[in-house]
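See below for the structure under consideration.
FYI, the numbering just counts along the sequence from 1.
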Amino acid sequence: MNMEDKVWAALEEVIDPELGINIVDLGLVYDVGVDDRQNVIVTMTLTTPGCPLHGFISDEVTKKVKGIPEVKEVEVNLVWEPAWTPARMNDKAREEFRQRHAML
C-alpha cells in the first residue's frame, strides 16, 4: 500500500461526531498530498462553515494520519469551496445515514 492509500485508510477512521459516519464516506476530504519527505497535506471541508466541531475533527485527522509511522508532519487545509453538500456522500454513507434516521 502506498503512502497516499495509507492516509486515505487512516482518514476513514475519523468519524464525524454529529453524523456518526467517517469523513471520507461523507465526502469531506477533497485531496491528500504527500511530499517526498512524507509530509502530508489533507484538504478538506466540513458540513457547515460554522461547525462547532471543526477543532475536534481537525485534531482527529492529524492524530490518525500521524499514527502512520512514516508520516513526518500533517497539515489540515480547511476549505469552503466547493461547499459540501449531501451529494458528496458515497452510497455507503447514504445508507448509513438512512438507517440512523429511520431509527429515530
*Is there a path of hydrophobic side-chain contacts, each under 4.5 Å between heavy atoms of I, L, V, M, F, W or Y residues, that connects W8 with L78?*
yes
_I'd like to know if the side chain of N39 reaches the main chain of E73, judged simply by a donor and an acceptor atom lying under 3.5 Å from each other, with no hydrogens or angles considered._
yes
*Examine distances only and state if a side-chain atom of R94 and a backbone atom of M89 form a donor-acceptor pair shorter than 3.5 Å.*
yes
Shortest non-hydrogen contact from [X] to [Y]?
| X | Y | answer |
| --- | --- | --- |
| T45 | Y30 | CG2-OH, 3.0 Å |
| L19 | T47 | CD1-CG2, 4.2 Å |
| D25 | A93 | O-CB, 3.3 Å |
| M44 | I57 | CE-CG2, 3.9 Å |

Do [X] and [Y] come within less than 4.5 Å of each other through their side chains, counting heavy atoms only?
| X | Y | value |
| --- | --- | --- |
| I68 | M3 | yes |
| V40 | V34 | yes |
| T48 | C51 | yes |

*Is any NZ, NE, NH1 or NH2 atom of the basic residue among E95 and R98 found under 4.0 Å from an Asp or Glu carboxylate oxygen of the other?*
yes
*In Å and rounded to the nearest 0.5 Å, what is the CG to CG distance from D59 to L53?*
11.0 Å
